[in-house]
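Every heavy atom of this structure was used, including side-chain atoms; hydrogens, water molecules and symmetry mates were not. The structure displayed is predicted, hence computed values, not measured ones.
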Amino acid sequence: MTDVKYTFEQLNTLRIIANDLASPGNFDDALKRAMNQMSEHLGVERGTITIFRRDLDEIRTIAANKLNDEETVRARFAPGEGITGKVLNTGKAIIVPRIDEEPDFLNRSGARSNLDSSELAFICVPISYGNDIVGTLSADISHNGRTEFNTELLLLESVANLIASRVERRRVVDENRRLKEMESDSHDAFKNFIGSSDSIHYVRQMIARVADSKTTVLLTGETGTGKGLVAKAIHRASPRRDQPFVHLNCGAIPENLVESELFGHEKGAFTGAVESRAGRFEAAGHGTIFLDEINSLPQQAQVKLLKVIQDKQYEKVGSTKTFTTNARIITATNRDLEDEVENGTFRIDLFYRLNVFPINVPPLRNRGADIMLLTNFFIQKYAKEIGSDVERIDTPAIDLLMSYHWPGNVRELENTIERAVLLNEDGVITTRSLPPSL
């Protein structure tokens with residue numbers, strides 16, 4: 001890179017931005033003023049600041065000039081997606097001399113749709129705080145036939161350094177606000193969802209990311225891992241939280257009654273149908289329907305469920321009238337559905353419709369850090385229910401709990417602790433309180 005000399009106007013603009021950011025006041029307003037200063041004095045036609053939301057695993061625009069609110073909301077990226085996502089992933093600036101010649105330039109906001117993109121260059125630099133890349137700063141610049149943008153690059157990097165601490169603070173505030181919203185009052189999305197391990201943190205991130213959408217979710221994982229809790233957490237974190245949450249275990253319903261359970265039936269539709277009955281989809285209304293053990297769904301019911309997902313319509317058994325549903329569908333299985341597809345027991349088209357947003361719920365043996373958190377939670381729960389004063393659990397008992405492989409996962413641990421609370425010795429859970437299998 002050749003030597004770059006700033007003009008007085010450029011240096012003065014950096015001074016103004018630095019003084020403004022260092023002064024008390026609204027952070028968003030300060031960022032907007034910084035964007036305006038860059039447009040007026042640094043040759044930036046359109047500036048954008050993004051932050052990386054770790055809780056959502058998403059890059060979001062928090063400040064921009066010449067973007068309206070709708071365009072700002074649309075300007076979101078996954079890590080690694082487009083130029084912005086690449087800069088965030090690599091921590092290295094990218095210069096695009098002509099955006100019309102760059103296939104990775106996405107124009108996600110849509111703000112440049114009516115502009116001559118052949119006249120625009122684009123520069124995106126990382127915003128670093130400590131060892132973390134917390135966001136990006138980008139700018140559109142008229143290239144005027146130029147191919148080098150060293151001055152603009154250094155100016156953007158300087159501004160990125162000036163705003164880094166404030167952007168990090170904004171990110172922490174936004175993430176904490178989201179967590180408090182999800183943990184507040186009766187809408188606590190993570191109520192009884194215990195754990196601090198990395199794998200559970202990832203599940204929480206996925207819940208937060210998908211909750212606000214209408215997307216179909218497929219929960220996978222071994223029996224007893226808590227797939228039902230995840231489904232309820234998605235519902236509680238969604239705009240449907242005040243609507244019904246309807247749970248149906250497909251494996252617990254006789255095959256000849258599954259369609260009736262799902263969609264309802266009319267009087268006389270089959271032997272024993274002495275009156276009309278609403279199905280689970282009708283009961284769910286505008287809420288959420290959770291179909292557990294979806295792998296057990298019979299072929300004919302799979303066809304009808306596929307129609308519901310595609311057209312939002314269904315018919316009751318014994319009726320020709322079409323009903324419409326707005327329920328959000330969450331499914332779960334402890335089987336490998338791809339194997340079921342290969343075996344011919346599960347429709348491939350339905351699998352693709354269900355597998356839009358898969359979340360794998362990890363087994364307890366991979367959540368070592370969570371075993372004692374869950375143990376303490378269950379001790380308090382059952383001590384209160386049973387009316388037993390359990391004061392502690394001794395070290396040998398802890399060692400057994402931590403070394404066991406838990407084939408039944410969280411459900412097995414809960415049953416184990418309920419038994420231990422009943423068999424505690426003078427307020428202490430010992431190895432004698434635990435089942436022989438441990």
Side-chain angles (χ1 to χ4, degrees), residues 1-18 20-21 31-52 59 61-67 71 75 77 79-129 131-164 166-167:
M1 181 181 294
T2 57
D3 291 338
V4 174
K5 294 183 179 179
Y6 291 155
T7 65
F8 173 79
E9 182 180 20
Q10 290 168 340
L11 287 172
N12 190 51
T13 300
L14 292 176
R15 179 188 65 82
I16 292 172
I17 293 173
D20 195 12
L21 290 169
L31 283 186
K32 290 177 182 177
R33 289 193 294 270
M35 293 286 97
N36 291 333
Q37 287 287 335
M38 292 169 65
S39 289
E40 293 174 15
H41 305 290
L42 301 183
V44 172
E45 294 204 6
R46 180 179 291 98
T48 303
I49 298 172
T50 70
I51 59 172
F52 175 48
I59 306 166
T61 297
I62 58 169
N65 59 348
K66 300 184 181 179
L67 291 185
E71 290 168 339
F77 306 87
E81 182 183 31
I83 300 298
T84 301
K86 287 184 177 180
V87 170
L88 186 97
N89 270 11
T90 63
K92 296 180 180 179
I94 293 179
I95 299 175
V96 179
R98 292 170 57 110
I99 64 175
D100 66 324
E101 297 178 352
E102 176 51 65
D104 285 337
F105 185 81
L106 301 180
N107 189 24
R108 182 60 57 78
S109 69
R112 304 168 186 83
S113 300
N114 298 322
L115 301 178
D116 184 358
S117 58
S118 66
E119 299 295 326
L120 291 177
F122 181 76
I123 302 175
C124 186
V125 302
I127 301 173
S128 303
Y129 186 79
N131 295 323
D132 295 329
I133 308 299
V134 299
T136 67
L137 170 64
S138 59
D140 292 0
I141 298 170
S142 293
H143 62 67
N144 296 322
R146 292 184 297 153
T147 57
E148 291 189 1
F149 302 88
N150 295 335
T151 300
E152 290 85 354
L153 175 62
L154 289 178
L155 286 169
L156 286 177
E157 289 177 337
S158 298
V159 175
N161 289 333
L162 291 174
I163 66 177
R166 301 293 292 271
V167 171

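Between I123 and I94, every side-chain heavy-atom pair lies at or beyond the 4.5 Å cut-off. At least one side-chain heavy atom of I16 sits under 4.5 Å from a side-chain heavy atom of N12. Within the 4.5 Å cutoff, the side chain of I127 has no heavy atoms near those of the F52 side chain. The closest side-chain heavy-atom distance from L14 to E9 is not below 4.5 Å. Side chains of L137 and T48 form no contact here, defined as non-hydrogen atoms less than 4.5 Å apart. Between K86 and D104, some side-chain heavy-atom pair lies under the 4.5 Å cut-off.
Closest approach of A18 to L162, counting heavy atoms only: CB-CD2, 3.8 Å. Between A93 and V125, the shortest heavy-atom contact is CB-CG1, 3.8 Å. A pairwise comparison of heavy atoms in C124 and I83 identifies CB-CG2, 4.1 Å as the closest pair. Closest approach of T151 and Q10 over heavy atoms only: CG2-NE2, 3.7 Å. Summarising the geometry of A63 relative to L31, their closest heavy-atom pair is CB-CB, 3.8 Å, with the distance given to 0.1 Å. Between T61 and A64, the shortest heavy-atom distance links the atoms CG2-CB, 4.3 Å.
Interatomic distance, CD1 of I59 versus CD of E81, reported as 8.0 Å (0.5 Å rounding). Atom CG in N89 sits 11.5 Å away from atom OG1 in T84 (nearest 0.5 Å). Rounding to the nearest 0.5 Å places OH of Y129 at 14.5 Å from CD1 of I51. A distance of 8.0 Å separates CZ in F122 from CD1 in I99, rounded to the nearest 0.5 Å. Note that the CD atom of E152 and the CD atom of E157 stand 12.0 Å from one another [nearest 0.5 Å]. Within the model, atoms CD1 of I95 and CG of L156 stand 9.0 Å from one another, a figure rounded to the nearest 0.5 Å.
T50 and T136 share a donor-acceptor pair across their side chains, judged by distance under 3.5 Å alone. N36 and R33 share no side-chain donor-acceptor pair at under 3.5 Å.
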ask   = So I163 and I49, side-chain contact (heavy atoms from CB on, under 4.5 Å) or not? Walk me through it.
value = CA-CA 10 Å; I163 66 177; I49 298 172; 3.7 Å; yes

Residue pair F77, L106: steps toward the side-chain contact (heavy atoms from CB on, under 4.5 Å) verdict = CA-CA 10 Å; F77 306 87; L106 301 180; 4.1 Å; yes

request  = Could you go through the side-chain contact (heavy atoms from CB on, under 4.5 Å) check for M38 and I17 one step at a time?
outcome  = CA-CA 9 Å; M38 292 169 65; I17 293 173; 4.2 Å; yes

